[in-house]
Each structure stands twice: as C-alpha cells, then as structure tokens.
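The structure under discussion appears below in the form of structure tokens.
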Amino acid sequence: MAAAATATATAAEEEARLLRLEEQAEHGGGGAWEYLSLARRLRARRPAPVLRLGLALLNDASARSRLASEQWTLYEQVAVAAMDCQRLDVAKDCIGVLSKQFPGSVRVGRLEALLFEAKGDWAEAERAYALILENNPFDQVVHRRKIAIAKAQGDMTLAVDYLNKYLELFMADHDAWRELAEIYVSLQMYKQAAFCYEELILAQPTIPLYHLAYAEVLYTLGGLENLQTAKKYYASTIQLTGGKNTRALFGVCLCSAAISQLTKGRNKEEDSSELQSLAAEALLKDYKQRASSKEALVAGMLKNMKLS
C-alpha cells in the first residue's frame with residue numbers, strides 16, 4: 001500500500017514537472033529537449049507540443065548536431081506526433097530520413113506501417129505488418145497494431161481472432177485479456193467473456209474491477225448456478241473495495257432477488273445469509289449521504305425486491 005502510494009505521488013510529480021517544462025519551452029524559456037525526453041520516458045501523449053518543439057529542434061542544424069545520435073530518437077518521436085496531428089507530410093519526411101539512415105530497420109518498418117494506418121490505407125498497413133512478422137513472428141507491437149486495425153475498421157470478429165492468436169503467444173498480457181473480454185461482451189458472447197475474466201482473476205485476484213465485471217457477465221447469463229456465483233463475486237468486490245462499490249451492492253441485491261424467485265418453495269440455505277440485507281442497508285446509507293433525493297426511490301425498489 002505504501003509503495004503504491006509513493007509510486008502514485010511520484011507519477012503526479014513527474015506529470016506536473018512535464019507541464020511546467022512544456023509551458024516554459026512553449027514560451028521560449030528553453031528546456032525543449034528536456035521536455036521531449038521526459039514526455040518519451042513518461043509515454044505522455046502530447047502530440048501538438050511535441051510536434052512544435054521537436055520540429056523546432058530538427059529544423060535548427062546547430063541544435064540537431066548537438067543531439068548527436070539522439071536526433072534519430074527525436075525524428076521518431078516527431079513522426080509519431082505528426083501522425084497524431086494528421087501532419088502526414090511531416091511524418092513522411094521524418095520517416096524518410098530514418099529510412100535512409102537505417103535501411104531495413106524493423107523499427108522504421110513499423111513507422112511506415114503506422115503511416116499507412118494514419119492515411120486509412122488498411123490493406124497496405126496489413127501488408128507492411130505481415131512482412132515484419134515473417135522475420136519477427138513474436139513482434140508484440142506489430143501483433144497489437146493488427147488488432148488495432150481490425151477495431152478501427154469495425155471488424156470485431158477479426159479483432160477477436162487476432163486477439164486470440166496474440167494471447168496464444170503472450171498469455172501474460174492482462175490488458176489483452178481485458179480487451180478481449182470487453183469485445184466479447186459487446187458481441188453478447190458472455191460465456192467467452194466469462195472465461196477471459198476468470199483468467200484475469202486467476203492472474204490478479206486482488207483487482208476488484210475483474211471481480212465486478214465477472215459477476216456482471218454471470219448475472220447477464222442468468223440461471224441459478226450463475227446467479228449464485230455472481231453474488232459471490234459481487235461480495236468479493238465489496239470486500240476488496242471496503243464496502244465502497246455501489247454497483248456491487250446493487251449486484252448483491254439483484255442476485256438475491258433473482259435467486260429467491262428461482263428457488264421458491266425449495267431449500268434456500270445458500271440464500272439464507274445476511275449478505276443481502278447488509279447490502280441493502282449499505283445502499284440506503286450510501287444514497288442518504290450522497291444522493292438523499294433518491295433515497296426514497298432506492299428504498300422502494302429494495303422493498304419491492306423484498307430486501308428491506
């Protein structure tokens with residue numbers, strides 16, 4: 001906990017420093033290279049100022065020579081910023097300089113493919129990435145760009161195919177599992193989405209977002225077994241967030257009501273816990289403190305669900 005807080009504070013300080021340097025450099029106070037270096041290190045997406053300040057350095061022969069070999073890094077940084085700003089002429093010029101300096105470079109090849117993407121020339125971008133993968137089949141960046149192209153074209157089925165192939169190679173990429181899960185949800189493929197969230201929970205069991213998303217998928221699937229499991233994961237979300245997650249509190253109440261309907265006249269031992277009543281009380285308390293005008297509405301809803 002302490003380490004996480006320290007890391008957050010450090011990140012905030014560096015972000016503030018980046019903004020100070022940006023303002024200083026934009027107003028002629030110097031520090032452009034320091035700003036550009038920090039923006040790269042923080043992976044900050046600030047295309048407009050990066051393009052302006054980077055171009056100013058590249059167009060100054062004296063400043064460029066002082067950078068020595070680091071000028072090539074700047075050409076790359078400016079090329080990416082130019083594509084973000086739709087200054088494709090600038091991006092093309094920067095990539096051309098890099099291509100002459102580093103013929104056959106995979107890194108430059110990626111930039112050339114990105115330029116095709118920026119132009120909306122998806123077929124050429126796909127071909128460029130395919131050529132890179134022929135010699136570098138484990139190029140993670142290129143695989144992710146192929147996924148991005150499929151999504152940009154609105155072809156979610158192809159994006160799913162690419163993501164599954166990607167995860168066969170890079171199973172530990174939690175962001176990719178989450179991305180795949182979210183696409184499955186958008187396609188109403190809930191069983192597949194549930195599998196993705198199971199993988200995420202196994203890998204990172206203390207992240208409440210995964211517990212909540214998994215519970216919501218199971219609730220959507222319905223059926224007694226899924227509802228019972230969903231309720232458990234809503235409960236674990238509440239535990240992991242110290243009782244602060246309103247969606248999870250609602251989830252427990254909704255699952256309890258649905259389970260009650262499905263088990264009418266049958267053994268309700270599983271549902272006999274006080275969890276649902278505690279969740280209902282916590283919801284009412286939360287609304288009383290943060291949205292008192294809606295407290296009566298929530299109370300009525302819970303009463304109709306026979307939870308208060």
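- Annotation: side chain to side chain donor-acceptor pair (under 3.5 Å) contacts involving residues 183-197, sequence neighbours excluded, comprise N164-Y184.
- Contact of the Y35 side chain with the L18 side chain is registered, since non-hydrogen atoms from C-beta on lie closer than 4.5 Å.
- With a 4.5 Å cut-off on side-chain heavy atoms, E76 and R107 count as touching.
- A salt bridge does not link D60 with R64: none of the charged nitrogens is closer than 4.0 Å to a carboxylate oxygen.
- E179 has a carboxylate O that lies under 4.0 Å from a charged side-chain N of R144, or vice versa, which qualifies the two as a salt bridge.
- Counting heavy atoms from C-beta outward, Y166 and L180 have side chains that stay 4.5 Å or more apart.
- Shown here are the side chain to side chain contact (heavy atoms under 4.5 Å, CB included) partners of R17, two or more places apart in sequence or in another chain: R20, L21, E34, L38, R41.
- A cation-pi arrangement, defined by a distance under 6.0 Å to the six-membered ring centre and an angle within 45 degrees of its axis, is present between K146 and Y162.
- Contact annotation: the side chain of F170 approaches that of Q140 to within less than 4.5 Å [non-hydrogen atoms, C-beta and beyond].
- Taking I238 as the reference, A248, L249, V252 meet the side chain to side chain contact (heavy atoms under 4.5 Å, CB included) condition, with sequence neighbours excluded.
- Considering I132, L131, N136 as possible partners of E134, the one that fulfils the side chain to side chain contact (heavy atoms under 4.5 Å, CB included) test is L131.
- Here the side chain of H143 pairs a donor or acceptor atom with the backbone of P137 at under 3.5 angstrom.
- Aromatic ring orientation, Y233 versus H211: tilted (interplanar angle from 30° to 60°).
- Between Y75 and W72, the ring planes are parallel. Angles under 30° get that label, and only those over 60° would be called perpendicular.
- A donor-acceptor contact shorter than 3.5 Å is absent between the side chain of E22 and the backbone of P49.
- With hydrogens and angles ignored, the 3.5 Å screen pairs a side-chain donor or acceptor of W177 with a backbone N or O of M171.
- In this structure E182 satisfies the salt bridge (Lys or Arg N to Asp or Glu O under 4.0 Å) test together with R178, sequence neighbours excluded.
- Partners of A123 by side chain to side chain contact (heavy atoms under 4.5 Å, CB included), not counting sequence neighbours, listed by chain and number: D121, R127.
- The side-chain heavy atoms of E112 and L114, taken from C-beta on, include no pair separated by under 4.5 Å.
- The side-chain heavy atoms of R110 and D139, taken from C-beta on, include a pair separated by under 4.5 Å.
- We find the CG-CD1 distance between D155 and I149 to be 12.0 Å, quoted to the nearest 0.5 Å.
- Of the possible polar contacts, none joining the S99 side chain to the I95 backbone as a donor-acceptor pair under 3.5 Å is found.
- Partners of E23 according to the salt bridge (Lys or Arg N to Asp or Glu O under 4.0 Å) rule, which considers only residues two or more places apart in sequence or in another chain, do not exist here.
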